[in-house]
Amino acid sequence: MRVIMLGAPGAGKGTQAVRVAEKYAIPHISTGDIFRANIKGGTELGKKAKSYMDAGKLVPDELVCDLVADRIAKEDCANGYVLDGFPRTIPQAEALEAVTKKLGAEVDYAVNIDVPDEAIVSRMGGRRACVGCGATYHVVFNPPKKEGICDTCGQTLILRDDDKPETVQTRLNVYHDQTQPLIDFYAERGKLATVDGTRTMDEVFAEILEKLGE
Ligand code: ADP
Ligand code: AMP
């Protein structure tokens, strides 16, 4: 199963990608997580990506496309993968299409998690991310057992810099300008599966599985 998660920032792509990956026993590949790990590790890629991310802008296509192409060609992706946060632009989608055609293993579904902008703002304000393992919580909708501490690895939970209200609006604008056109891109190819992302996490997951033919 090769799946892409589409949706606005904060729509629940990461939350659902983890569940889909577990269900099909395939890797969850988040380009945002890859960049954050590179920033933490002080790599050249991390240094290049940081200023774009902090501003709520997209990292340039040329820094993302090869990275994903290399990642999905790895052995552990032989049975599929869930791409979370990629593609985010038409050139990225075209690059992915070219590389998957070359691999002889095209994407099966683009799952579009549909959430209106009003709901996104409260989702992002309440999101907390673990500085250690990157796990994501929500102060109201998915709180950790102990406030401010990750259930999985015990490290501290923080509000991501790019989840601060001033950056969220920029990210939403970027989403509407550059990423939303991908909905039509995948609809034209008969791969689009849109789900109602305003429902509970369990309900959204159930709808995704239904659309994936479970
Ligand atoms: P994305 O990966 O699309 O940016 P996340 O999966 O990190 O989004 O979700 C954003 C925030 O909203 C997180 O704090 C998450 O716990 C919460 N969230 C995700 N799905 C739902 C849902 N169906 N209902 C309420 N809150 C949700
Ligand atoms: P995310 O964790 O998916 O919300 O991504 C956080 C940030 O990483 C985004 O706001 C972008 O700055 C950057 N990023 C992640 N994935 C991509 C991508 N496919 N293309 C460009 N920038 C990306």
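Note that ligands are numbered from 1 as they come in the structure, with each ligand's atoms numbered from 1 the same way. One is the number of the first residue; the rest follow in order along the sequence.
Among all non-hydrogen protein atoms, the one lying nearest atom 10 (O) of ligand 2 is R171 NE, 3.7 Å. In terms of protein heavy atoms, atom 20 (N) of ligand 2 is closest to Q92 NE2, 2.9 Å. Among all non-hydrogen protein atoms, the one lying nearest atom 8 (O) of ligand 2 is M53 CE, 3.4 Å. Ranking protein heavy atoms by distance to atom 23 (C) of ligand 2, first place goes to F35 CE1, 3.9 Å. The nearest protein atom to atom 7 (O) of ligand 1, hydrogens excluded, is given as R127 NH1, 2.6 Å; this is a heavy-atom distance. Summary of contacts: the protein heavy atom closest to atom 12 (O) of ligand 2 is K57 O, 2.6 Å. Nearest protein heavy-atom contact of atom 1 (P) of ligand 2 is R88 NH2, 3.6 Å.
Considering CG of N142 and CZ of R123, their distance stands at 11.0 Å, rounded to 0.5 Å. Distance CD1/I183 to OG1/T194: 6.5 Å, rounded to 0.5 Å. K47 contributes atom NZ, which lies 12.5 Å from atom NZ of K50 (distance to the nearest 0.5 angstrom). The distance from the CG atom of N112 to the CD1 atom of I4 is 11.0 Å, given to the nearest 0.5 Å.
Distances between N or O atoms of T15 and those of ligand 1 include at least one value under 3.5 Å. For a threshold of 3.5 Å applied to N or O pairs, the pair formed by R36 and ligand 2 contains at least one separation below that value. Looking at ligand 1, you won't find any N or O of D84 less than 3.5 Å from one of its N or O atoms. Every N/O-N/O distance between V204 and ligand 1 stays at or above 3.5 Å. Inclusion of G56 in the set of residues having an N or O under 3.5 Å from an N or O of ligand 2 is not warranted. Here's the thing with D162: none of its N/O atoms is less than 3.5 angstrom from an N/O atom of ligand 2. At least one N/O-N/O distance between V59 and ligand 2 falls below 3.5 Å. The shortest N or O to N or O distance between Y52 and ligand 2 is not under 3.5 Å.
Judged by distance alone, with hydrogens and angles left aside, the side-chain atoms of Y109 form no donor-acceptor pair with the main-chain N or O of M5 at under 3.5 Å. Under a 3.5 Å cut-off, the side chain of D151 and the backbone N or O of K145 do form a donor-acceptor pair. Formation of a donor-acceptor pair under 3.5 Å by the D196 side chain with backbone atoms of T198 is found in this model. Between the side chain of R19 and the backbone N or O of Q16, no donor-acceptor pair lies under 3.5 Å. Remark: side-chain polar atoms of K40 are paired, donor with acceptor, to backbone N or O of V131 under 3.5 angstrom. Without hydrogens or angle criteria, K13 side chain to A8 main chain gives a donor-acceptor distance under 3.5 Å. Distance alone, capped at 3.5 Å, places no donor-acceptor pair between the T167 side chain and the D163 backbone.
Nearest to atom 16 (O) of ligand 1 by heavy atom, out of K13, H138, R128, is H138. Nearest to atom 16 (N) of ligand 2 by heavy atom, out of V68, L96, T31, T136, is T31. Of the listed options M201, R160, R123, M5, R123 places a heavy atom closest to atom 11 (C) of ligand 1. Among G12, G126, G32, P9, the residue whose heavy atom sits closest to atom 8 (O) of ligand 1 is G12.
Atom numbering of ligand 1 starts at 1 in the shown order; those under 4.0 Å from a heavy atom of Y137 are 13 (C), 14 (O), 16 (O). Residue R199 has at least one heavy-atom neighbour below 4.0 Å for each of these atoms of ligand 1: 22 (C), 23 (N), 24 (N). Near F141, the atoms of ligand 1 lying under 4.0 angstrom from a non-hydrogen atom of the residue are 25 (C), 26 (N). Listed by atom number, the atoms of ligand 1 under 4.0 Å from A8 heavy atoms are 3 (O). Using a 4.0 Å cut-off to heavy atoms of G14, the atoms of ligand 1 that qualify are 1 (P), 2 (O), 6 (O). Every atom of ligand 2 with a heavy atom of F86 under 4.0 Å away is listed here by number and element: 19 (N). Atoms of ligand 2 lying under 4.0 Å from any heavy atom of G85, numbered from 1 in the order shown and given with element: 16 (N), 17 (C), 18 (C), 19 (N).
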- Could you please spell out the steps behind the side chain to side chain donor-acceptor pair (under 3.5 Å) verdict for T89 and D61? CA-CA 8 Å; T89 63; D61 291 338; 3.1 Å; yes
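Only the side chain of R160 comes within 4.0 Å of ligand 2, counting heavy atoms alone; its backbone N, CA, C and O stay farther away. When non-hydrogen atoms are compared, ligand 1 lies under 4.0 Å from the backbone of T200 (N, CA, C, O) but not from its side chain. At a heavy-atom distance under 4.0 Å, no atom of K13 approaches ligand 2. Here T136 has side-chain heavy atoms under 4.0 Å from ligand 1, and that is the only part of it that gets that close. Counting heavy atoms closer than 4.0 Å to ligand 1, residue A17 contributes nothing at all.
The side-chain heavy atoms of R127 and L159, taken from C-beta on, include no pair separated by under 4.5 Å. Using a 4.5 Å heavy-atom cutoff, the side chains of D76 and Y81 are not in contact. When side chains are defined from C-beta on, K48 counts as touching L63, because their heavy atoms get closer than 4.5 Å.
A donor and an acceptor atom, one from each side chain of D117 and H176, are located under 3.5 Å apart.
Distances from ligand 1 to the non-hydrogen atoms of Q16 include no value under 4.0 Å. Residue G7 places no heavy atom under 4.0 Å from ligand 1.
Seen from the ring of F185, R189 counts as a face-on cation partner, given the 6.0 Å and 45° thresholds.
The 12-atom threshold is exceeded at CD of Q155, counting heavy atoms of other residues, nucleotides or ligands nearer than 6.0 Å.
Partner of R160 under the side chain to side chain contact (heavy atoms under 4.5 Å, CB included) criterion, chosen from M124, R36, R128: R36.
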